[in-house]
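Report on the following structure.
Labels below follow one simple rule: chain letters A, B, ... track the order of the sequence lines, proteins then strands, and each chain is numbered from 1.
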2 protein chains.
Amino acid sequence: MQNKPARGTPLPAYEQIKRHVLAQIESGALKPGDVVPSETEMVKEFGVARMTVSRALRELMAEGVLNRVRGSGTYVAPRQYESTVLQIRNIADEIAARGHRHTARVLALESSEEPTAVAALELDAGPAFHSRIVHYEEGEPIQYEDRYVNPEVFPDYLAQDFTLETPNNYMVRLAPIQRAEFRIYAQKPDAHVRQHLAMEIGEPCLLLLRRTWVGKHVATSVRLWHPASRFHLAGTV
Amino acid sequence: MQNKPARGTPLPAYEQIKRHVLAQIESGALKPGDVVPSETEMVKEFGVARMTVSRALRELMAEGVLNRVRGSGTYVAPRQYESTVLQIRNIADEIAARGHRHTARVLALESSEEPTAVAALELDAGPAFHSRIVHYEEGEPIQYEDRYVNPEVFPDYLAQDFTLETPNNYMVRLAPIQRAEFRIYAQKPDAHVRQHLAMEIGEPCLLLLRRTWVGKHVATSVRLWHPASRFHLAGTV
DNA sequence: AAGTGGTCTAGACCACATG
DNA sequence: ATGTGGTCTAGACCACTTC
C-alpha cells in the first residue's frame, strides 16, 4: 500500500482496501456467506496498521456489504433486495408472500435492433434483448412486463425459461444491482396491454418505469403495467 | 468520558459523543448551519483521543447529520428532506426547483369530528384538524391535497396561512418526521377533485396516500391527487 | 501563520466465538 | 487457548481554509 500518497492524493489506504474487497465480490471471487480475510491477515497483505483495515471493513459493514461477528470473522453479506424502501420486489415473491400462486406467460423473448431499445440501454450499437411477459396472481393478470436487457451483462438471457423464474429474479441472482432509477405514472393502457391484463375500457394503469445499473452499464430497462383496480405500490420510509 | 467501561459495556466513547451532538441538535442548542466545536475542543471536553472524536464526527457526517469542511470546520447539516429515495418533497420546493411559480388555494381549514379522520390518525377521540388545498404550478392545478392533522402534535395548525407556506413545510419545520408509510394508486378522480384539477373526463389520477409519525403519534394522514397528464413520481435507489 | 479536518501508525486492552 | 473483531491512545504528517 502506498504509504505516502505521491501527488494528486490518489486514494487513502482504507479506500483502496474497500475497493479491493468490493472488486473481489463483483468478480465472484467472494460470494455471499464467504469468509473475508481477517484484519490481521489484511494488515500483513497490505502493510498497513490494523486501524486502517478496521476502518475499511467497518465502513463496508455500515454499507451493508459485509457482516462482522466478533470472535468469529467477517463475512460477505447476503445479496440485498433491490430496494427495501420502495418495495419493487420480485413480483413472484410478492404474490407468494400473499399466499397466492404466481404464473407467467412469455409473449416474446427475442433479440431486437430497435433504436428505442438500444437507446434505453445506452448502448453504442445493437442488438438488445427484449422480452414481454404477463404475470398472473391466482390466474388473474396483474403485471405486463416489457423489458430490454443488455446482452453484455446478461449474455444468456434468451436461453432462460421465464415461466419458471422471473427475469427480475434471474438478474438479481447473477449480478448485484448497484443503482436503480424509477418513474411512476398513472396512464391509460393501449389496446394490447389492456387486453392482456383483462382490463375494462377506461380503467387506468399504474405504470412503473425502471432502469437498473450493474457497474457502468445499464443492465435492464423495464416498463411494468399494472391494472389500477388490482394493484398499488406501498412502502415505508 | 468513562475510559474503562464499568460493566455491561455501557457505550463506547465515540457513541456517547455522537449522542451528545445529536441531543444538542434535537434540543435546538445547535441549529442547521451552526458550527460544531472542533475536534481539538472536543478532545479537551471529553478527555479522549482525537481519533475517537474524529470517528464520532465522521460517522455523523456519513449519516447526513453534519457537514465537515477541511480547513474550515464542522457544521450542522441543513434539515433533510423527508425522503431522498422516493422524492415526495414539498410540492412548493419541487415547483421552485423547476423554476416555476407555486400558488395555493385553501378550500377548507377546519376542525373535524369525522370518524374516518379520527381513525386515520389513530386517535382515541376527536377532534382532528382537516385541510383541503389545491396547489398550482404556473397557475395550473397540479395537486389536490386532502389532509388530516393530529391536534396533539400540531396544536396551531388551524391558525396557519397555507397560501404562504405548505402544510408539509410547516410540519417538517416544527417536528422531525420519524417514519412514513405510503401507498400509490392510479385512480379515476371523483367529480370534485376532477373539477379542481381541471382534468378531462376519463383522465386518471396518480394518487399518493401517506401517513407520517412523530414519536408514537400519527402526525398527519394525507391524500394527494395528481393529474396523470401533468405529474409523475421519480427517484433513484 | 494558525487552525481545521483527513489519514495513518504501533501499540494496547477488551469481549466474544470457536476449537 | 487461540483468534476474531471493537475500541482506544498519543502521537504524527498532511491538505486545506481562513486570517
| said: Distance check needed: dA12(C) P versus Glu39(A) CD, whole Å only. | reply: 17 Å
| request: Write down the distance between CG (Asn67(B)) and P (dT17(D)), rounded to a whole number of angstrom. | output: 15 Å
| Please give, in whole Å, the distance from dG5(D) P to Arg70(A) CZ? | 11 Å
| Glu41(A) backbone acceptor or donor facing Lys44(A) side chain under 3.5 Å | no
| message | Looking at Thr40(A), I'd like to know whether one of its side-chain N or O atoms comes within less than 4.0 Å of OP1 or OP2 on dT4(D). | response | yes
| task | Would you tell me if any nitrogen or oxygen in the side chain of Arg68(A) comes within less than 4.0 Å of OP1 or OP2 on dT4(D)? | result | no
| request: Please report, rounded to the nearest Å, how far the C1' atom of dT9(D) is from the CD1 atom of Ile17(B). | output: 13 Å
| message | Tell me every residue that passes ring pair (Phe, Tyr, Trp, His ring centres under 6.0 Å) with Phe231(B), counting only those two or more places apart in sequence or in another chain. | response | His226(B)
| request: Could you list the residues that satisfy ring pair (Phe, Tyr, Trp, His ring centres under 6.0 Å) with His20(A), not counting sequence neighbours? | output: Phe46(A)
| Whole Å only: how far is the CG atom of Leu11(B) from the P atom of dA15(C)? | 15 Å
| Atom CG of Leu60(A) and atom C1' of dG5(D): how far apart are they, to the nearest Å? | 15 Å
| request: Sequence neighbours left out, what passes ring pair (Phe, Tyr, Trp, His ring centres under 6.0 Å) with Tyr185(A)? Give chain and number order. | output: His232(B)
| task | Tell me whether the OP1 or OP2 atom of dG5(D) has a side-chain N or O from Thr74(A) closer than 4.0 Å. | result | yes
| field | Short side-chain N/O contact to dT7(D) OP1/OP2 from Tyr14(B), under 4.0 Å | value | yes
| field | Spacing between Glu41(A) atom CD and dG3(D) atom P, to the nearest angstrom | value | 11 Å
| said: Please verify the inter-ring angle class for Tyr170(B) with Phe154(B); under 30° counts as parallel, over 60° as perpendicular, anything in between as tilted. | reply: tilted
| Tell me: CD of Glu15(B) to P of dC8(D), nearest whole Å? | 10 Å
| note | The salt bridge (Lys or Arg N to Asp or Glu O under 4.0 Å) partners of Glu152(B) (sequence neighbours excluded) come to none
| request: Please list, chain by chain and in numerical order, all residues satisfying salt bridge (Lys or Arg N to Asp or Glu O under 4.0 Å) with Glu15(A), sequence neighbours excluded. | output: Arg19(A)
| task | Check whether any side-chain N or O of Ser38(B) sits under 4.0 Å from OP1 or OP2 of dT4(C), and answer yes or no. | result | yes
| field | Sorted by number, the residues of residues 50-59 of chain A with heavy-atom contact under 4.0 Å to DNA chain C | value | Arg50(A), Met51(A), Thr52(A), Arg55(A)
| task | Identify, between Gly71(B) and Ser72(A), the residue whose nearest nucleotide on DNA chain D lies closer to the 5' end. | result | Ser72(A)
